Amino acid sequence: YTFSDNANPWAYMTGSPDYTYTIEIDPDDSEIVYASYSPKIFEDYSSILKYDPDYEDNFGWEEILRIEDSTGITTLEFDPSNSDKIYTGVVGERGKIYTSDNKGEDWDLINDIFTFTTIHEIAIDPNNENIVYAAPWGGGLFKSENNGENWEELTTPTISIVTVIVDPTNPNHLLIGDRTKPKVYESYDQGDSWNELIALDEDDYYRIS
(Lines give C-alpha, C1' and ligand atoms only; values in the text may rest on other atoms or scores of the structure.)
Protein backbone atom coordinates (compact mmCIF):
# COMPACT_ATOMS: atom_id res chain seq x y z
CA TYR A 1 0.00 0.00 0.00
CA THR A 2 1.06 3.62 -0.54
CA PHE A 3 0.30 6.65 1.59
CA SER A 4 -0.51 10.23 0.56
CA ASP A 5 -2.15 13.26 2.13
CA ASN A 6 -5.34 13.21 0.11
CA ALA A 7 -8.80 12.27 1.35
CA ASN A 8 -8.07 8.55 0.78
CA PRO A 9 -4.54 8.29 2.13
CA TRP A 10 -3.93 4.57 1.51
CA ALA A 11 -4.05 2.85 -1.87
CA TYR A 12 -3.20 -0.71 -2.91
CA MET A 13 -0.28 -0.94 -5.32
CA THR A 14 -1.56 -3.32 -8.00
CA GLY A 15 0.99 -5.92 -9.02
CA SER A 16 3.08 -5.51 -5.87
CA PRO A 17 4.56 -8.59 -4.15
CA ASP A 18 2.00 -10.33 -1.98
CA TYR A 19 4.34 -11.75 0.67
CA THR A 20 7.15 -9.42 1.63
CA TYR A 21 9.49 -9.12 4.61
CA THR A 22 11.07 -5.80 3.70
CA ILE A 23 10.44 -2.62 1.70
CA GLU A 24 12.86 0.21 0.91
CA ILE A 25 12.41 3.55 -0.84
CA ASP A 26 15.11 4.66 -3.27
CA PRO A 27 17.19 7.29 -1.40
CA ASP A 28 17.42 9.39 -4.58
CA ASP A 29 13.84 9.07 -5.84
CA SER A 30 10.91 8.65 -3.45
CA GLU A 31 8.67 7.31 -6.23
CA ILE A 32 10.85 4.22 -6.68
CA VAL A 33 10.26 1.35 -4.25
CA TYR A 34 12.09 -1.93 -3.69
CA ALA A 35 10.34 -4.92 -2.08
CA SER A 36 11.19 -8.52 -1.37
CA TYR A 37 9.02 -11.43 -2.46
CA SER A 38 8.83 -14.73 -0.61
CA PRO A 39 7.64 -17.87 -2.40
CA LYS A 40 4.22 -19.43 -2.18
CA ILE A 41 3.99 -23.07 -1.15
CA PHE A 42 4.35 -24.26 -4.76
CA GLU A 43 7.35 -22.02 -5.57
CA ASP A 44 11.05 -22.52 -4.84
CA TYR A 45 12.49 -19.05 -5.34
CA SER A 46 12.41 -15.60 -3.77
CA SER A 47 12.87 -12.25 -5.48
CA ILE A 48 13.45 -8.55 -5.17
CA LEU A 49 11.05 -6.39 -7.16
CA LYS A 50 11.43 -2.74 -8.08
CA TYR A 51 8.55 -0.35 -8.62
CA ASP A 52 9.12 2.52 -11.04
CA PRO A 53 6.13 4.58 -12.23
CA ASP A 54 7.83 4.91 -15.62
CA TYR A 55 8.01 1.14 -16.07
CA GLU A 56 5.13 0.19 -18.38
CA ASP A 57 4.71 -3.54 -17.69
CA ASN A 58 3.22 -5.30 -14.65
CA PHE A 59 1.77 -2.07 -13.22
CA GLY A 60 5.27 -0.64 -12.73
CA TRP A 61 6.86 -3.66 -11.01
CA GLU A 62 9.96 -5.42 -12.34
CA GLU A 63 11.83 -8.39 -10.89
CA ILE A 64 15.49 -7.37 -10.50
CA LEU A 65 16.81 -10.39 -8.56
CA ARG A 66 15.63 -14.00 -8.35
CA ILE A 67 17.23 -16.50 -5.98
CA GLU A 68 16.44 -20.11 -6.80
CA ASP A 69 16.06 -22.67 -3.98
CA SER A 70 15.42 -20.01 -1.37
CA THR A 71 12.53 -19.45 1.00
CA GLY A 72 12.60 -15.69 1.45
CA ILE A 73 14.50 -12.41 1.46
CA THR A 74 14.41 -10.91 4.92
CA THR A 75 16.38 -7.70 4.67
CA LEU A 76 17.16 -5.05 2.08
CA GLU A 77 19.47 -2.16 2.99
CA PHE A 78 20.88 0.79 1.07
CA ASP A 79 24.36 1.93 2.01
CA PRO A 80 23.83 5.30 3.79
CA SER A 81 26.97 6.74 2.20
CA ASN A 82 26.47 5.26 -1.28
CA SER A 83 22.88 5.21 -2.55
CA ASP A 84 23.82 2.98 -5.50
CA LYS A 85 24.83 0.11 -3.21
CA ILE A 86 22.28 -2.38 -1.82
CA TYR A 87 22.70 -5.36 0.49
CA THR A 88 20.12 -8.13 0.79
CA GLY A 89 19.85 -11.16 3.07
CA VAL A 90 18.45 -14.44 1.76
CA VAL A 91 16.80 -17.37 3.52
CA GLY A 92 17.51 -20.90 2.30
CA GLU A 93 19.51 -23.99 3.16
CA ARG A 94 22.37 -21.56 3.89
CA GLY A 95 22.01 -17.90 4.70
CA LYS A 96 23.44 -15.72 1.93
CA ILE A 97 24.11 -12.05 1.34
CA TYR A 98 23.99 -10.46 -2.10
CA THR A 99 25.04 -6.95 -3.00
CA SER A 100 24.54 -4.59 -5.92
CA ASP A 101 26.63 -1.55 -6.81
CA ASN A 102 24.12 -0.16 -9.32
CA LYS A 103 20.73 -0.19 -7.58
CA GLY A 104 19.88 -3.74 -8.46
CA GLU A 105 20.87 -3.96 -12.11
CA ASP A 106 23.60 -6.50 -11.26
CA TRP A 107 24.09 -8.64 -8.15
CA ASP A 108 26.99 -10.55 -6.59
CA LEU A 109 27.05 -13.16 -3.84
CA ILE A 110 29.52 -11.70 -1.38
CA ASN A 111 29.97 -14.61 1.00
CA ASP A 112 29.43 -18.30 1.41
CA ILE A 113 30.50 -18.75 5.04
CA PHE A 114 27.16 -18.65 6.82
CA THR A 115 25.67 -22.01 7.74
CA PHE A 116 22.52 -20.46 9.20
CA THR A 117 19.30 -20.52 7.23
CA THR A 118 18.38 -16.85 7.74
CA ILE A 119 20.27 -13.59 7.51
CA HIS A 120 17.74 -11.66 9.54
CA GLU A 121 19.31 -8.20 9.67
CA ILE A 122 22.02 -6.19 7.90
CA ALA A 123 23.36 -2.82 9.03
CA ILE A 124 25.94 -0.59 7.37
CA ASP A 125 28.06 1.89 9.32
CA PRO A 126 26.84 5.31 8.07
CA ASN A 127 30.32 6.73 8.64
CA ASN A 128 32.27 3.94 6.94
CA GLU A 129 30.72 2.03 4.04
CA ASN A 130 33.34 -0.72 4.39
CA ILE A 131 31.92 -1.83 7.75
CA VAL A 132 28.86 -4.09 7.56
CA TYR A 133 27.10 -6.06 10.27
CA ALA A 134 25.02 -9.20 9.65
CA ALA A 135 22.82 -11.01 12.16
CA PRO A 136 21.86 -14.59 11.27
CA TRP A 137 18.65 -15.67 12.96
CA GLY A 138 19.71 -17.32 16.22
CA GLY A 139 23.37 -17.12 15.23
CA GLY A 140 24.94 -14.08 16.90
CA LEU A 141 26.45 -11.11 15.07
CA PHE A 142 29.09 -10.94 12.33
CA LYS A 143 31.16 -7.95 11.22
CA SER A 144 32.95 -7.20 7.96
CA GLU A 145 35.44 -4.40 7.46
CA ASN A 146 35.73 -4.85 3.68
CA ASN A 147 32.17 -4.68 2.33
CA GLY A 148 31.35 -8.29 3.17
CA GLU A 149 34.35 -9.98 1.58
CA ASN A 150 35.51 -11.35 4.94
CA TRP A 151 33.62 -11.73 8.21
CA GLU A 152 34.43 -12.17 11.88
CA GLU A 153 31.99 -13.33 14.53
CA LEU A 154 31.58 -10.92 17.43
CA THR A 155 31.04 -12.02 21.01
CA THR A 156 27.47 -11.11 21.88
CA PRO A 157 24.93 -12.04 24.54
CA THR A 158 23.32 -15.42 23.87
CA ILE A 159 20.35 -14.04 21.98
CA SER A 160 18.74 -14.13 18.57
CA ILE A 161 19.28 -10.66 17.12
CA VAL A 162 16.32 -9.10 15.33
CA THR A 163 17.72 -5.62 14.71
CA VAL A 164 21.10 -3.86 14.58
CA ILE A 165 21.53 -0.08 14.82
CA VAL A 166 24.78 1.81 14.29
CA ASP A 167 24.78 5.21 16.00
CA PRO A 168 25.33 7.76 13.18
CA THR A 169 27.05 10.14 15.61
CA ASN A 170 29.33 7.49 17.11
CA PRO A 171 30.21 4.43 14.99
CA ASN A 172 31.56 2.63 18.07
CA HIS A 173 28.07 2.66 19.58
CA LEU A 174 25.85 -0.26 18.52
CA LEU A 175 22.40 -1.37 19.61
CA ILE A 176 20.97 -4.87 19.16
CA GLY A 177 17.47 -6.13 19.91
CA ASP A 178 16.55 -9.62 21.12
CA ARG A 179 13.78 -11.40 19.21
CA THR A 180 13.22 -13.95 22.03
CA LYS A 181 12.92 -11.53 24.98
CA PRO A 182 12.08 -7.82 25.40
CA LYS A 183 15.71 -6.75 25.78
CA VAL A 184 18.08 -4.31 24.08
CA TYR A 185 21.87 -4.41 24.42
CA GLU A 186 24.47 -1.78 23.58
CA SER A 187 28.17 -1.68 22.82
CA TYR A 188 30.57 1.25 22.80
CA ASP A 189 33.47 -0.61 21.19
CA GLN A 190 31.98 -1.83 17.89
CA GLY A 191 30.71 -5.05 19.40
CA ASP A 192 33.69 -6.22 21.44
CA SER A 193 31.69 -5.97 24.69
CA TRP A 194 28.01 -5.48 25.54
CA ASN A 195 25.82 -4.12 28.31
CA GLU A 196 22.11 -4.70 28.87
CA LEU A 197 20.41 -1.38 28.14
CA ILE A 198 16.70 -2.21 28.33
CA ALA A 199 14.93 -5.17 29.96
CA LEU A 200 11.14 -4.87 29.89
CA ASP A 201 8.79 -6.92 32.04
CA GLU A 202 8.35 -10.27 30.29
CA ASP A 203 4.82 -10.57 31.69
CA ASP A 204 3.81 -7.49 29.69
CA TYR A 205 6.14 -7.66 26.68
CA TYR A 206 7.14 -10.56 24.48
CA ARG A 207 10.19 -9.50 22.46
CA ILE A 208 11.86 -6.72 20.45
CA SER A 209 10.86 -6.56 16.79
Side-chain angles (χ1 to χ4, degrees), residues 20-30 32-36 46 48-50 64-65 67 70 72-91 94-114 116 118-156 159-179 184-194 197 208-209:
T20 180
Y21 279 106
T22 182
I23 298 173
E24 287 289 328
I25 297 174
D26 191 311
D28 301 319
D29 189 339
S30 61
I32 296 178
V33 178
Y34 298 77
S36 67
S46 55
I48 292 177
L49 287 85
K50 174 183 177 181
I64 60 172
L65 175 66
I67 306 295
S70 63
I73 291 176
T74 53
T75 183
L76 183 64
E77 296 288 338
F78 279 92
D79 186 332
S81 59
N82 179 1
S83 60
D84 290 332
K85 192 173 187 68
I86 309 173
Y87 291 86
T88 188
V90 180
V91 185
R94 295 172 64 93
K96 296 178 179 180
I97 299 176
Y98 285 79
T99 185
S100 171
D101 291 320
N102 50 17
K103 292 195 176 182
E105 291 185 20
D106 303 289
W107 294 88
D108 294 306
L109 176 65
I110 62 170
N111 73 84
D112 196 27
I113 72 160
F114 296 112
F116 308 97
T118 302
I119 303 299
H120 191 74
E121 178 74 353
I122 297 172
I124 304 103
D125 188 331
N127 302 286
N128 185 344
E129 64 181 270
N130 297 317
I131 298 178
V132 183
Y133 297 90
W137 202 319
L141 182 64
F142 289 76
K143 176 184 177 182
S144 172
E145 296 184 347
N146 54 8
N147 300 104
E149 184 176 343
N150 304 105
W151 297 85
E152 64 170 319
E153 184 174 6
L154 302 178
T155 301
T156 61
I159 65 173
S160 181
I161 297 171
V162 71
T163 188
V164 181
I165 297 174
V166 184
D167 187 340
T169 65
N170 179 3
N172 294 319
H173 185 206
L174 307 178
L175 298 173
I176 55 175
D178 189 353
R179 69 168 297 273
V184 175
Y185 297 83
E186 69 176 348
S187 171
Y188 279 96
D189 51 18
Q190 290 192 338
D192 289 335
S193 61
W194 297 87
L197 177 64
I208 304 297
S209 62

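Heavy-atom basis, side chains included; hydrogens, waters and symmetry copies ignored. In what follows, residues are counted from 1 in the order of the sequence shown. This is a predicted model, so every value here is computed, not measured.
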Could you walk me through whether I124 and V166 pass the side-chain contact (heavy atoms from CB on, under 4.5 Å) test, one step at a time? CA-CA 7 Å; I124 304 103; V166 184; over 6 Å; no
I'd like to know whether I176 forms a side-chain contact (heavy atoms from CB on, under 4.5 Å) with W194, so could you lay out the CA-CA distance, the side-chain angles of the two residues, the decisive distance to 0.1 Å, and finally the verdict. CA-CA 10 Å; I176 55 175; W194 297 87; 3.6 Å; yes
Are E186 and L175 close enough, and set up right, to give a side-chain contact (heavy atoms from CB on, under 4.5 Å), and what steps lead you there? CA-CA 4 Å; E186 69 176 348; L175 298 173; 3.4 Å; yes
One pair to check against side-chain contact (heavy atoms from CB on, under 4.5 Å): K85 and N147. What are the steps and the verdict? CA-CA 10 Å; K85 192 173 187 68; N147 300 104; 4.0 Å; yes
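Listed by chain and residue number, nothing satisfies the salt bridge (charged side-chain N to carboxylate O under 4.0 Å, His left out) test with D84 (two or more places apart in sequence, or in another chain). Checked against salt bridge (charged side-chain N to carboxylate O under 4.0 Å, His left out), D26 has the following partners two or more places apart in sequence or in another chain: K103.
Here E121 contributes atom CD and I165 contributes atom CD1; the two are 8.5 Å apart, rounded to the nearest 0.5 Å. With rounding to the nearest 0.5 angstrom, the OH atom of Y98 is 14.5 Å from the CG atom of L76. E24 CD to Y34 OH: the interatomic distance, rounded to the nearest 0.5 Å, is 10.5 Å. E77 CD to T22 OG1: the interatomic distance, rounded to the nearest 0.5 Å, is 6.5 Å. Put simply, OH on Y188 and CG on N170 are 7.5 Å apart, with the number rounded to the nearest 0.5 Å. For the atom pair CG (L49) and CD1 (I23), the distance works out to 11.0 Å, reported to the nearest 0.5 Å.
Side chain of S36 to backbone of Y21: a donor-acceptor contact under 3.5 angstrom is found. For S187 (side chain) and H173 (main-chain N/O), no donor-acceptor pair under 3.5 Å exists by modelled atom type. Judged by distance alone, with hydrogens and angles left aside, the side-chain atoms of S81 form no donor-acceptor pair with the main-chain N or O of P126 at under 3.5 Å. Here the side chain of W151 pairs no donor or acceptor atom with the backbone of V132 at under 3.5 angstrom. At distances below 3.5 Å, at least one donor-acceptor pair connects side-chain atoms of S144 with backbone N or O atoms of N150.
Contact between F78 and I86 at its shortest, heavy atoms only, is CE2-CG1, 3.6 Å. The shortest non-hydrogen separation linking G140 to T156 is CA-OG1, 4.0 Å. The two residues D125 and P171 make their nearest non-hydrogen contact at OD2-CB, 3.3 Å. Smallest separation of non-hydrogen atoms from E105 and S100: N-OG, 3.9 Å. Closest non-hydrogen pair, S160 versus D178, comes out as O-OD1, 3.4 Å. Summarising the geometry of I97 relative to A134, their closest heavy-atom pair is CD1-CB, 3.8 Å, with the distance given to 0.1 Å.
Considering E152, E153, Q190 in turn, Q190 is the only one that fulfils the side-chain hydrogen bond (donor to acceptor under 3.5 Å, both in side chains) rule with K143.
A donor and an acceptor atom, one from each side chain of S46 and S70, are located under 3.5 Å apart. Judged purely by distance below 3.5 Å, without hydrogens or angles, the side chains of T99 and D101 never pair a donor atom with an acceptor atom.
Side-chain contact between N146 and N130 is absent, with no heavy atoms from C-beta onward closer than 4.5 Å.
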